[in-house]
Structures are given as structure tokens and as C-alpha cells.
**Student:** 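Handing you a structure now.
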Protein chains: 2
Amino acid sequence: MTLEMVAARAGVARQTVSNAINSPELLRPQTLERVQRAIDELGYRPHRAAQALRTRASKLIGYGIRSSQAGVPTPVLDQFLHSLSEAADQAGYRVVLFAVTPGDDELTGYQQLLDEHGADGFVLSGTDRGDRRQGWLHERGVPFVAFGRTWSGRDVGDWVDVDGAAGTSAAVRHLAALGHRKIGFLGWPKGSGVGDDRARGWQSTMRELGLPTRGRRVESPDDPASAAEAAERLLAGGVTAVVAASDTLALGWYQALRHGGRTPGADAAVIGFDDSPIAPLLFPSLSSLAQPLDAVGRECMRLLLNRLSDTRRPTEHVLLAPELVLRESV
Amino acid sequence: MTLEMVAARAGVARQTVSNAINSPELLRPQTLERVQRAIDELGYRPHRAAQALRTRASKLIGYGIRSSQAGVPTPVLDQFLHSLSEAADQAGYRVVLFAVTPGDDELTGYQQLLDEHGADGFVLSGTDRGDRRQGWLHERGVPFVAFGRTWSGRDVGDWVDVDGAAGTSAAVRHLAALGHRKIGFLGWPKGSGVGDDRARGWQSTMRELGLPTRGRRVESPDDPASAAEAAERLLAGGVTAVVAASDTLALGWYQALRHGGRTPGADAAVIGFDDSPIAPLLFPSLSSLAQPLDAVGRECMRLLLNRLSDTRRPTEHVLLAPELVLRESV
DNA sequence: TAATGTTTTTGGAACGCTCCAATGGCAGAA
DNA sequence: TTCTGCCATTGGAGCGTTCCAAAAACATTA
């Protein structure tokens with residue numbers, strides 16, 4: 001099924017069919033309709049490779065998928081990928097995956113796809129401090145958008161991120177409205193961009209509400225056992241409600257409460273972060289701050305399309321507020 | 001960067017460079033080396049679109065990603081996608097995502113990609129009873145592999161699946177070796193292929209070991225509250241250990257035990273299924289049957305590549321045993 | 001009717017690659 | 001030296017599309 005075949009059926013020239021698809025305003029309405037009918041009847045669709053070759057644009061967006069075993073498990077990936085693909089589809093693009101081995105040659109995957117003209121732009125996620133990808137792509141003038149802020153200084157490109165501070169702030173306000181005054185924060189060790197951001201929202205909102213923060217903030221790595229230890233310290237301080245930097249940490253709070261013979265939810269409230277699959281399953285079910293991943297995917301695609309249409313435009317940044325999902329734990 | 005440029009640098013003809021890449025055995029060793037050096041120095045990589053156009057093969061594998069909200073949460077997606085991309089990369093292929101809206105026009109996404117010559121084959125997952133995709137692709141002679149058996153009768157293509165029966169069988173054996181005799185099964189309502197398969201492994205192995213199964217099997221939908229109710233019935237029957245069809249169901253068992261003032265692990269053992277992210281986080285941590293997703297991805301790719309190289313070969317099926325991950329719950 | 005301008009349609013060329021058939025080089029035999 | 005046969009290398013053609021400039025159709029005015 002080619003242009004030529006459609007053209008033959010409509011009784012026009014090859015190029016006229018091409019125009020019917022790409023610049024319909026050039027055709028006489030009557031001709032357009034005739035060509036359109038031929039296209040529909042034959043179920044014609046342009047050959048992607050031929051288009052790519054001629055227009056020098058693959059209409060593909062690269063997404064480097066890292067081996068998850070090393071460190072962070074990239075929890076939310078699939079919903080994000082779904083909304084990304086959907087938004088891409090709508091714009092006539094598709095998402096192409098390629099394996100990335102984190103480490104020294106993390107960039108070779110990107111290099112290769114670029115050399116092969118296998119992608120017009122990239123979506124990054126899991127951008128960490130000291131991530132070299134943004135700088136590298138920026139230098140080369142390759143369009144990209146990151147899910148996750150550029151924590152380290154320089155503005156090197158577009159990004160979309162979830163506003164952790166806004167989330168914990170909303171959590172604090174909600175707990176305060178319920179009458180809690182001694183509201184603690186169960187966070188990660190300082191130094192991670194994401195974690196510090198989430199702590200900041202708690203800190204500033206507590207201050208705003210005139211509530212004390214001294215001794216109400218504890219730190220723990222992201223596992224329930226350590227979190228439980230840290231939580232004990234908050235309990236010792238008489239804290240009645242807690243905002244946690246992750247659902248895993250919130251789980252530590254559950255364990256600390258139970259250890260003291262108390263019941264989560266009834267005796268002391270907690271709000272987690274990420275609304276991971278465990279949240280609704282726990283007993284009592286855990287309130288949490290859900291990342292608006294559908295919106296993140298859509299926004300990533302929007303920024304990237306803008307960038308693709310004009311490499312020189314000023315960079316754009318989007319912060320999306322997470323949604324407070326209330327369950328039995330408050 | 002084109003063949004012509006590499007050829008100029010190496011002092012040979014365009015086609016010779018092409019041969020150096022695709023059929024190196026045709027070249028005189030000395031020429032090959034010279035061309036190879038030119039390729040390396042210039043960092044040349046063939047233009048994918050040009051190759052695709054000429055060879056009529058996109059070297060892309062389609063993966064339809066469904067909106068996850070509707071029903072099954074497809075928990076494991078990301079690790080599977082990773083191993084799939086990695087295996088694809090190794091064979092010079094890439095995975096391209098496209099959005100699929102489950103329902104009537106579920107097939108249009110596949111149709112479209114096919115018409116555009118945007119993929120050479122497909123990987124399916126989440127294949128359910130009454131899934132029309134396999135039959136549809138089979139009729140058209142499109143290469144594909146499914147992650148998940150074709151539960152409904154006819155053999156319409158290659159698949160790779162996790163052997164649920166083998167998993168629950170191993171779980172029963174392990175519990176029996178620990179001295180348990182009253183081993184229950186906490187499963188889903190009959191009628192789902194996956195669930196029945198997992199039940200079967202428990203059933204047959206119990207019989208093999210001469211252990212009674214009557215009244216030891218209960219059913220519940222996949223949420224902890226319902227599962228807890230079902231678990232109560234097992235407890236009432238004096239069951240001391242349980243194999244669950246999912247980690248969510250196992251969680252129900254935890255709750256039922258706690259409700260009766262008993263401690264999971266210490267007082268009664270349980271083994272879940274899927275080794276979902278919650279398993280290590282629970283207290284006590286949950287033993288579970290981990291799906292070998294890396295292997296599944298690799299095998300899917302292997303079968304698909306075989307199929308791509310020869311459409312007419314007999315269908316092939318691969319069953320992979322899940323791995324028993326032991327934690328505190330036993 | 002012819003000349004002019006404008007809109008619509010057309011055919012050739014090119015994107016970068018691989019297929020194919022043909023050419024050139026070289027060794028051994030006549 | 002010339003011929004035969006084999007192996008290494010080459011140039012032309014074409015995959016299906018869009019760019020571009022030229023041609024044709026049509027409308028408008030002289």
C-alpha cells in the first residue's frame with residue numbers, strides 16, 4: 001500500500017495524495033474528498049521509514065530504561081510510561097525503549113540512538129544529583145525533557161516534577177485542621193534533592209501555623225525497620241501525627257506504634273508519600289500523597305513537543321502538586 | 001554520516017562498506033580492516049530508517065501498553081520491560097510502545113502499527129481468557145509472543161509463562177519439610193486461568209504427600225479485607241500454614257492472625273505469590289514466589305526472534321519456575 | 001480572443017541503504 | 001603471452017516518501 005496506489009485509485013498524481021495528507025488546504029475541496037475516499041477505502045497509512053528518511057525525523061521519542069536492580073527500584077514507572085505513550089501517540093509520536101547500564105557508559109545508549117537517527121528526542125527519569133545526561137544532551141542541542149528537577153544548579157533543560165513541598169504542606173495543614181499540634185516528620189537523610197524538598201514543605205508550613213519543629217524531625221534510610229527506630233524517637237517526644245517522606249517510612253511508623261501497643265489511625269495519624277500499591281492494602285489503610293503521574297506524562301510530552309518544534313525557545317519548568325489520598329490512617 | 005562518506009575515507013566503494021558491516025566474510029581481510037578503521041574513526045552507524053525502507057524490516061518490536069486503571073494492575077511491568085529491551089538491544093532490535101485502550105478497538109493500535117510498517121512483531125502481556133489479540137495476529141501471520149499462556153484451547157502462537165503450579169508445589173513441599181501437615185490454600189475464585197493453575201500445584205502436591213485437602217481451600221477476591229475473612233475459615237479449621245495465590249491474599253492471612261491475637265511467622269507460616277514490593281516490607285517480612293521476570297523477558301525475545309526468522313516453524317512454549325524467596329513468615 | 005495572474009496539480013530528484021548483476025583483478029593452466 | 005575461472009569489488013536501481021520547481025488548469029481582465 002503506497003501513495004502511488006492510492007493515487008491511481010483516486011485518479012491523481014502521487015504528490016497530490018501526499019498533499020491531501022500533509023497540506024490539505026492546497027487541494028480543491030472536491031479533489032480532497034476524492035483522495036480522502038481512496039485513502040479510507042484502501043486503509044492507507046504512510047510508511048514510517050520512508051517518511052523518516054525523507055523528512056529526517058523518526059517521530060520516535062527515546063526512553064532509556066535502566067537496570068532496576070542497582071539501587072532505586074523506580075517504583076512508578078509503568079503508569080508514567082503509559083501516559084507518556086498515550087500523549088505521544090496523540091501527537092503522532094511513539095516511545096522507543098532502550099536499555100541503559102548506569103555507570104560510565106550510561107551515555108552510549110543515547111549516543112547510539114542519536115547516531116542511528118533512531119529518536120528525535122528523549123525523556124529522562126530518575127534524574128539524580130550528578131546526573132550527566134542533561135548536560136550531555138544540552139551541549140549537543142538534543143531535545144529532551146526530564147521527569148525530575150535538575151537539582152544541581154544550572155538550568156540545562158525543560159523538566160516536569162512533582163512538588164514534594166506542596167504535598168507535605170497539604171498534609172500538615174490537613175493534620176492541623178484535625179486538631180493535631182505535635183506533628184512530626186519522618187524523612188530520609190539530608191542530601192537527597194527529593195527528600196529535602198519534602199522536608200521543606202513540612203518545615204515551612206509548621207512554622208507558618210506557629211507549630212514547633214524542634215526535635216520533631218527524624219531521619220532514616222528507606223526501610224521499615226530503620227524507620228521504626230526513628231519513629232520511636234518521635235513517639236517518645238509525644239508526637240501525635242506524622243508526615244512521612246515515603247510510604248515505606250510510614251510503614252515504620254505503623255510498626256513503632258504497634259510495638260508500643262497502640263493502633264495506627266486510631267491513636268496516631270500518619271500520611272505517607274507516593275501512594276504506592278501497598279498504601280490501600282495496609283491495615284489500617286494508609287493515607288498518602290499520590291503523584292499525578294498521568295499529568296506528569298502529558299506535561300513531559302507537551303514540553304518535549306514544544307522543544308522539538310523550536311530548539312531555541314527558553315526552557316520551561318512544570319511543578320505539579322501531588323494529591324492527598326485520605327484513608328483510615330488519619 | 002553516510003556510507004558514502006565512510007567509503008570515501010577508506011578509499012573503497014559505498015557497497016564495500018555495506019558489505020563490511022553485513023557480510024564481512026566477502027571482503028579481503030586487508031580491505032575489511034581498512035574499512036573497519038574508517039567506520040570506527042568516523043563513528044559511523046547505519047541510518048535506521050534507510051535500512052528499514054530498503055530491507056522492509058523496522059527492527060522494532062511493538063508492545064501495546066494498556067491503561068492500567070481498568071482492572072488488573074500489571075504490577076510487574078517495569079522489570080519485564082527492562083529485560084525485554086535489553087534482550088532486544090542485544091539482537092539489534094528495540095521495543096516501541098503504543099497506547100492500547102482495552103475494549104472493542106483494542107486491535108486498532110496493532111493494525112495501525114502494522115500498516116505503518118512500524119514494527120516487525122509484537123510482545124503481548126496480560127493475556128486473558130477471551131483475548132482476541134492472539135487469534136487476530138495469528139490469522140494475519142504476524143510474528144508475536146505472549147507473556148502468559150493461551151488459556152482458551154487452541155494453540156495460536158508462541159508463549160512464555162511462569163509455572164504457577166510448580167511454584168505452589170514448591171511452597172507446599174517446603175512447608176511440609178518444616179513439619180506442617182495442615183496446609184491450606186488461600187486462592188482466587190475459580191475460573192481465572194492463573195488462579196486455577198496456582199491452586200492445582202497445591203492440590204496435587206498435597207495429594208502426593210498424602211495430606212488432606214478437604215476444607216483446606218478457601219477463595220477470596222484479591223483484597224486483604226476479603227482475604228482476611230476467608231483466612232478466618234482456614235484458621236477455624238486448624239490450619240498451621242498457608243500457601244496464598246498472591247501477596248495481597250497473604251496479607252489477609254496476616255490480618256486474620258493478628259485479629260486472633262497471633263503472630264504471623266511465629267504462630268503460623270505463609271507463603272505468598274509474585275514477590276511484590278510489599279513482601280520484604282511487611283512485618284514479619286513475607287516469603288513469596290518470585291516470578292523470574294528477567295528470564296521471561298529473555299525467553300520472550302528468543303522465541304520472537306526465532307519466529308521472525310521463520311514464520312512457519314512449529315510453535316514453542318516455555319514454562320519457567322518461580323523462585324521461592326524465604327523470609328520471616330515461615 | 002488573447003494576455004495575465006492565481007490556484008491547483010504534477011514529475012523529477014533525493015533521503016541512505018541493500019539487492020543485484022556486472023566488472024575488474026588475479027592465479028593457474030594452456 | 002593468452003585464456004579460463006574464481007574471488008573481490010563496484011555502479012545502477014529501487015524501497016516510499018517529501019521537496020522543489022515547473023506545468024497545467026482556471027479565473028480575471030484587457
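Just so it is clear, the values below take in all heavy atoms, side chains as well, and ignore hydrogens, waters and symmetry mates. Chain letters run A, B, ... following the sequence lines, proteins first, then strands; residues in each count from 1. Keep in mind that this is a model prediction, so the values were computed, not measured.
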**Student:** Output the rounded distance in Å from CE (B:Met1) to P (C:dC15).
**Tutor:**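 To the nearest whole Å, that distance equals 15 Å.
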
**Student:** Return a table of donor-acceptor pairs under 3.5 angstrom between the side chains of residues 21-39 of chain B and protein atoms on other chains or two or more places apart.
**Tutor:**
residue : atom : partner : partner atom : Å
B:Asn22 : ND2  : B:Ser18 : O            : 3.1
B:Asn22 : ND2  : B:Ser18 : OG           : 3.4
B:Arg34 : NH1  : B:Ala10 : O            : 2.6

**Student:** Can you list the residues that meet the salt bridge (charged side-chain N to carboxylate O under 4.0 Å, His left out) rule with B:Asp89, with sequence neighbours excluded?
**Tutor:**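 Only B:Arg94 meet the salt bridge (charged side-chain N to carboxylate O under 4.0 Å, His left out) criterion with B:Asp89.
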
**Student:** Please table the atom pairs, donor to acceptor, closer than 3.5 Å between any side-chain atom in residues 51-62 of chain A and protein atoms at least two apart or in another chain.
**Tutor:**
residue : atom : partner  : partner atom : Å
A:Thr55 : OG1  : A:Gln51  : O            : 2.7
A:Ser58 : OG   : A:Leu60  : N            : 3.2
A:Ser58 : OG   : A:Asp120 : OD1          : 2.9

**Student:** Using only heavy-atom distances, determine whether the side chains of A:Ser125 and A:Tyr63 contain a donor-acceptor pair under 3.5 Å.
**Tutor:**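 A:Ser125 vs A:Tyr63: donor-acceptor pair found between side chains.
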
**Student:** Would you call A:Glu86 and A:Arg298 a salt bridge, using N to O less than 4.0 angstrom?
**Tutor:**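 Here A:Glu86 does not pair with A:Arg298 in a salt bridge, since their nearest N and O are not under 4.0 Å apart.
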
**Student:** For A:Asp155, give me all partners under salt bridge (charged side-chain N to carboxylate O under 4.0 Å, His left out), at least two apart in sequence or on another chain.
**Tutor:**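 Residues passing salt bridge (charged side-chain N to carboxylate O under 4.0 Å, His left out) with A:Asp155: none at all.
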
**Student:** At the 4.0 Å heavy-atom cut-off to chain B, mark where contacts on DNA chain D begin and end, going 5' to 3'.
**Tutor:**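 That gives a stretch of D:dA8 to D:dG16.
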
**Student:** With a 4.5 Å heavy-atom cut-off, do A:Val100 and A:Phe98 have their side chains touching?
**Tutor:**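 Side-chain contact under 4.5 Å: yes.
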
**Student:** Check salt bridge (charged side-chain N to carboxylate O under 4.0 Å, His left out) between B:Arg48 and all other residues, then give those that pass, not counting sequence neighbours.
**Tutor:**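 B:Arg48: salt bridge (charged side-chain N to carboxylate O under 4.0 Å, His left out) contacts with A:Glu116.
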
**Student:** With sequence neighbours left out, which residue pairs that include part of residues 301-312 of chain B fulfil the side chain to side chain donor-acceptor pair (under 3.5 Å) condition?
**Tutor:**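 Sorted result for residues 301-312 of chain B: B:Asp158-B:Arg307, B:Glu299-B:Arg302.
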
**Student:** May I ask you to list the residues of residues 26-37 of chain B, by number, that have any heavy atom positioned under 4.0 Å from an atom of DNA chain C?
**Tutor:**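 Hits under 4.0 Å, by residue number: none.
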
**Student:** Assign B:Gln51 to base, sugar-phosphate, or nothing according to its heavy-atom contacts below 4.0 angstrom with the strands shown.
**Tutor:**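 Here B:Gln51 touches the backbone only, sparing every base.
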
**Student:** Could you tell me, to 10°, how much the axis swings from one end of the helix from C:dT1-D:dA30 to C:dA30-D:dT1 to the other, five pairs per end?
**Tutor:**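 Comparing the axis at each end, I get an angle of 70°.
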
**Student:** With the threshold set at under 4.0 Å for non-hydrogen atoms, list the residues of residues 16-25 of chain B touching DNA chain C in residue-number order.
**Tutor:**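 Per residue number, the list reads B:Ser18, B:Asn22.
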
**Student:** Can you name the ring-ring contact (aromatic ring centres under 6.0 Å, His included) partners of B:His317, sequence neighbours left out?
**Tutor:**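 ring-ring contact (aromatic ring centres under 6.0 Å, His included) check on B:His317 returns B:Trp159.
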
**Student:** Tabulate below the donor-acceptor pairs under 3.5 Å that side-chain atoms of residues 138-148 of chain B make, not counting sequence neighbours, or state none.
**Tutor:**
residue  : atom : partner  : partner atom : Å
B:His138 : ND1  : B:Val156 : O            : 3.1
B:Arg140 : NE   : B:Trp136 : O            : 3.1

**Student:** Tell me what A:Arg14 touches on the nucleic acid: a base, only sugar-phosphate, or nothing, going by heavy atoms under 4.0 Å.
**Tutor:**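 Counting heavy atoms under 4.0 Å across all strands, the contact made by A:Arg14 includes a base.
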
